[in-house]
Structures are given as C-alpha cells and as structure tokens.
Amino acid sequence: MNTLASVRRVLIVIPPLVNSESEPTALNIDRPDFESYRLVSPVEPTSVAGDLLQRGFDVELFDLGTYMTGRFEALQACLRNTKPDAVVIVQSILTFATAQDWDGRKVFDIARQEVSGVLTVLTGGQPTNYPGQAVTAGVCDYSIRGEVDFAVGELLIALNERRELNQIDGLAFRDSAGEVHISEKYPSVDIAALPMPAYQLIGHEQKEKYASTLERGKIRYPARNTRYRDIMTSRSCRLRCAFCSVAALRGDAQHYRRKPLERVVAEIESALEDGIGEIHFFDDLFAESEEQIIAFANELVRRNLKFPWFAAQGMPLWPLTQSALAAMKEAGMYRIICPLESGNDRVLKRVIGKAYSTTKHHHDVLEWSHGLGLEIIGMYVLGMPGETRHDIYETMQFAEAHPQVDYSVFSIATPMVGTRLMKQVLKSGQLDDSDKINRVIKRTVALYETDAFSAYELGVIRAFDWDRINFNKPARVTKYAAMVGVSEVELQRLRDHSKQTFYRFFPDYDGPLSFSELYNQPGLFKEAQPVIPKTLY
Ligand code: SF4
C-alpha cells in the first residue's frame with residue numbers, strides 16, 4: 001500500500017476509447033484507419049478535475065487518446081514535468097459507445113517508474129464491472145466504481161486527513177494488514193452540485209486535437225463544425241432496457257437526474273466562448289418528457305444561443321411530438337439519432353423494455369423528422385433472446401419501409417457486463433464463454449444463438465442488408481458520406497470492410513446475402529460458427 005504523506009498535485013489520465021495498451025498503428029491493419037482514431041470530450045475527467053480544484057488540489061489532465069503516436073513517451077514526459085503525488089485514471093461513462101474495460105496497468109507502471117511512491121487510483125469501466133480486481137492484483141492502490149465526480153476528491157482528502165476509508169462508497173483499497181476492502185455501494189452524485197467542467201486545464205494544443213481527432217465515418221461525426229464539445233445535461237435513465245449498461249455503470253440506485261437548465265446554459269455559454277462551434281449532448285436519456293424538451297429548446301432560443309447540435313447517444317423517442325421536434329430544430333438540432341430498436345411492439349416493450357415505445361409512434365417520429373429536414377439515423381438491435389425469427393423479419397421490413405432514415409445501424413445484441421441481457425444468456429447457457437465479450441467489444445458478431453436465428457444470419461444482415469438498405473442510391477451515398485465526414489471513396493472502403501469482416505467470421509459462407517431469402521430456410525448453414533480471433537476490436 002502507498003504510504004505517501006500528503007497529496008497535493010494530481011494528474012488525471014484519460015484513457016483512449018480503444019487501443020489502450022498499444023499505439024493505434026499496431027492494431028487491425030486492415031481496418032480503414034480514418035475510423036480508428038477518435039476522441040470524446042473529457043466529460044467526467046473535467047468534472048472530477050473541477051471538484052479537485054475546488055478542494056484545493058493542483059490538477060493536470062493528460063488525454064492518452066490525443067496522441068496518435070508516442071502516447072506513453074508523452075505520458076512519461078508529463079510525469080517527469082509534473083511529478084504528481086497521485087495519478088488517477090478517469091474515463092467518461094459511455095452507455096452506448098464502445099469503450100474498453102481497461103485496468104491502466106501500463107499507465108500506473110510508468111507512473112511508479114517516474115515518480116517514486118506515487119499514489120494510483122483507477123476509475124471507469126474496469127473497477128465498475130470488476131470491483132476490487134485491480135487493487136487485489138496490485139495494479140493500483142485504490143479503485144472506485146461508478147460515478148466518481150466527488151469520490152476521487154473524498155478519497156484524497158480522507159488520505160490527507162488520515163481518516164477511515166470504509167465510509168467512501170464505491171472504493172476498493174488494501175488496508176495496512178494487506179486485506180482488500182471492497183465497498184458494495186456506488187457513489188451517489190447530485191448532478192446539480194457538480195462543479196463546472198474544468199476545460200481551462202486543457203491547453204490550446206490539446207484542444208486542437210479534440211477538433212482534429214474526430215469520429216470520421218461514424219454517426220457522431222460533428223458535420224457542421226469540427227470544433228465540437230460533448231456536454232452532459234443529465235445522467236442515468238428511468239428505464240432499464242435489457243441490453244443497456246446504464247444501471248451497471250452508474251449504480252441502480254442512481255436514478256434519472258437532470259442538471260438545472262441555467263447550469264446547462266452556463267456550460268453551453270462557456271463552450272461557445274471557448275470557440276466551440278457544435279455541441280453534442282452526451283446523456284444516457286436526453287429528456288423524459290415533451291415539456292423538458294420544449295423548455296430546453298425555448299431557453300436556447302430565448303437566450304439567442306445559436307449553434308448546431310444533436311443528442312449524441314441517441315434521442316429518446318417516446319417523449320417526442322411534432323412540436324417538440326420542431327422546437328429542437330428551431331433551436332439548432334440538425335440530426336436525430338433514433339433508437340428504433342425493433343419493428344415489433346412486443347419486442348420493443350417486453351423483450352427490450354422500452355415500455356413507452358410503439359412502432360406506430362416511431363413511424364410518426366420519422367415522418368415528422370423527415371418533414372423538418374433533419375438528418376436521420378436509425379438504430380436497430382437484433383438477436384435478443386425472446387425475439388422470434390418473424391420479429392427479426394419485421395424489423396428488417398420496418399427498416400426497408402423507411403427510406404426517410406438516412407442511415408440505419410443494425411447492431412447485434414451484445415451482452416455487456418451487468419446487463420439483464422448478460423444475466424439472461426449466462427443463465428440459459430446461450431453464452432458459453434463470457435470472455436468473448438472482452439475480445440469483441442463492437443457489435444459485429446453474434447456471441448450467442450437462439451432458436452430464432454443463427455450467428456451467420458445476423459452477420460448477413462449486418463454486412464449485406466445493411467449495405468443494400470443504406471446505399472441503394474447514389475444520392476444516399478453522397479449524403480451519408482457528407483454526414484460522417486468521409487469521401488465517397490472512403491465510404492466505399494468502409495462498405496468493403498464490413499463485408500470482409502463478415503467473411504473473416506464466416507470464411508466458408510456461400511449462401512444468400514439477404515435475411516429475407518434466409519427467413520424461410522432456418523438453419524441452412526447451421527454448422528457455420530463464427531471464427532473469433534484471439535484479439536479483435
Ligand atoms: S432508454 Fe434504455 S437504452 Fe436508453 S438509456 Fe434508458 S435504459 Fe438505456
């Protein structure tokens with residue numbers, strides 16, 4: 001256990017979304033590389049930093065993801081310069097986006113080499129999904145699960161004041177006798193009390209990297225202005241969808257919370273003053289009622305705050321009315337990411353858990369959005385336990401019948417740690433090897449099968465139906481390429497890559513290339529099991 005006398009200087013290290021331990025060039029050489037580099041704004045890291053500043057600590061932020069090459073050498077140099085008393089890894093909690101569980105071993109090893117006796121704290125997905133594991137393994141001195149905005153500061157103050165640590169919710173630590181204690185609770189966070197995110201700690205050079213290391217080829221690409229920032233207006237959700245990790249990541253008792261409107265406006269104004277030209281609202285659930293949406297949109301208009309924006313983790317559809325959509329459009333929203341999920345009401349409500357959603361309303365939302373000239377992304381999920389073959393067919397029919405959607409994403413249901421889906425497939429024995437989840441973190445291949453589908457069938461949908469539905473006209477190709485910041489040549493590479501991915505999983509497949517053809521031939525290639533490489537992302 002670390003025996004440092006007192007902590008004053010803190011270095012917050014932000015892990016990259018992917019490629020954590022290696023240089024970006026070292027992985028997946030056949031992947032179109034414009035898709036491999038991406039950053040999200042340091043939402044939670046700047047929040048933790050803001051709290052630490054208020055508590056009187058000196059704080060620096062270091063984002064590993066902003067380095068395309070030499071990231072660990074750069075970290076080494078940063079550690080030499082700053083000589084922190086504590087190194088804390090803080091990851092933004094992404095409910096939907098791909099983020100690796102990462103124990104930060106390499107960061108902490110380098111930190112200990114450079115700064116003797118440095119105190120090490122891990123937060124993020126790994127200690128949330130596997131509490132205490134990294135402390136037990138000696139990777140770090142402390143780990144905290146869940147929302148750590150205040151918990152990091154509480155820990156450092158408690159250490160400085162030599163107080164008992166047992167009272168800190170979410171903490172795992174080793175006591176002086178060598179025994180590891182793991183809190184069963186999650187920290188609880190009143191988001192109205194959060195400090196302003198400490199973007200003042202991010203230097204000009206780093207800010208330039210946030211504007212240049214963009215999710216090209218992805219639906220969150222900031223198409224109107226590359227100087228964009230993610231801003232969080234709320235946390236958690238009132239629902240508990242089967243595949244969603246929101247409760248596992250934040251804590252089941254952390255109910256839906258919204259920041260006061262004036263506080264959200266203050267963050268927007270601060271971003272605009274900082275030269276930001278586009279904002280992505282980074283919520284698990286952007287709003288739960290029409291009133292909230294209209295109040296938000298009206299406030300932007302009333303204050304004459306003009307900027308392009310969208311809800312980057314998906315817009316909840318059930319609160320939407322035509323008026324709410326029109327108000328958001330008037331207030332600058334230019335894209336709507338629609339979690340349509342399924343073309344079947346039973347699947348929506350009972351299998352997934354979207355209690356307030358119907359396909360009829362989804363159809364209306366698409367019509368209204370199209371009428372308003374919004375860019376529309378449709379998100380579907382396929383392969384839930386309890387979904388029949390016909391349900392999957394209906395989802396594909398729904399997608400085919402809505403060309404208003406500029407781009408449809410067909411995700412294969414992926415059991416994430418702590419979700420109802422994971423519990424279901426483990427209990428039923430459908431997921432034979434839960435370690436697969438650590439190797440395949442993108443929803444590119446079915447990790448289990450049910451009586452309703454085989455893995456190759458979902459693969460056919462993802463690679464071939466996806467291509468046909470999305471890119472069946474040159475105008476659609478042109479529009480989508482512009483929406484996600486790639487050339488049409490680059491988009492073609494992405495399309496080719498998608499098919500290559502299918503054949504990498506199913507090298508011998510030579511069957512039909514559409515689910516509608518496979519629908520009446522269940523089990524045609526029953527023996528075709530995906531070949532999952534040892535390392536893949
Ligand atoms: S609506 Fe469902 S998927 Fe979306 S945040 Fe809530 S629980 Fe998660």
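Counting convention: from 1, in listed order, for ligands and their atoms alike. Worth saying up front: this structure is predicted, and the values here are computed from it rather than measured. Numbering of residues begins at 1 and proceeds along the displayed sequence.
- With 2.8 Å as the limit, C244 does not count as an N, O or S neighbour of atom 6 (Fe) of ligand 1.
- Between the side chains of D284 and Y256, not a single donor N or O lies within less than 3.5 Å of an accepting N or O.
- Figure legend: R250 and Y186 shown without cation-pi pairing, the cationic atom not lying both under 6.0 angstrom from the six-membered ring centre and within 45 degrees of its axis.
- For atom 6 (Fe) of ligand 1, the nearest non-hydrogen atom from the set C237, S245, S236 comes from C237.
- Residue C241 approaches ligand 1 through these ligand atoms, each under 4.0 Å from one of its heavy atoms: 1 (S), 2 (Fe), 3 (S), 7 (S).
- Looking at W318, its side chain never comes within 3.5 Å of a backbone N or O of S289 through a donor-acceptor pair.
- Side chains of N344 and E394: a donor-acceptor N/O pair is present below 3.5 angstrom, by distance only.
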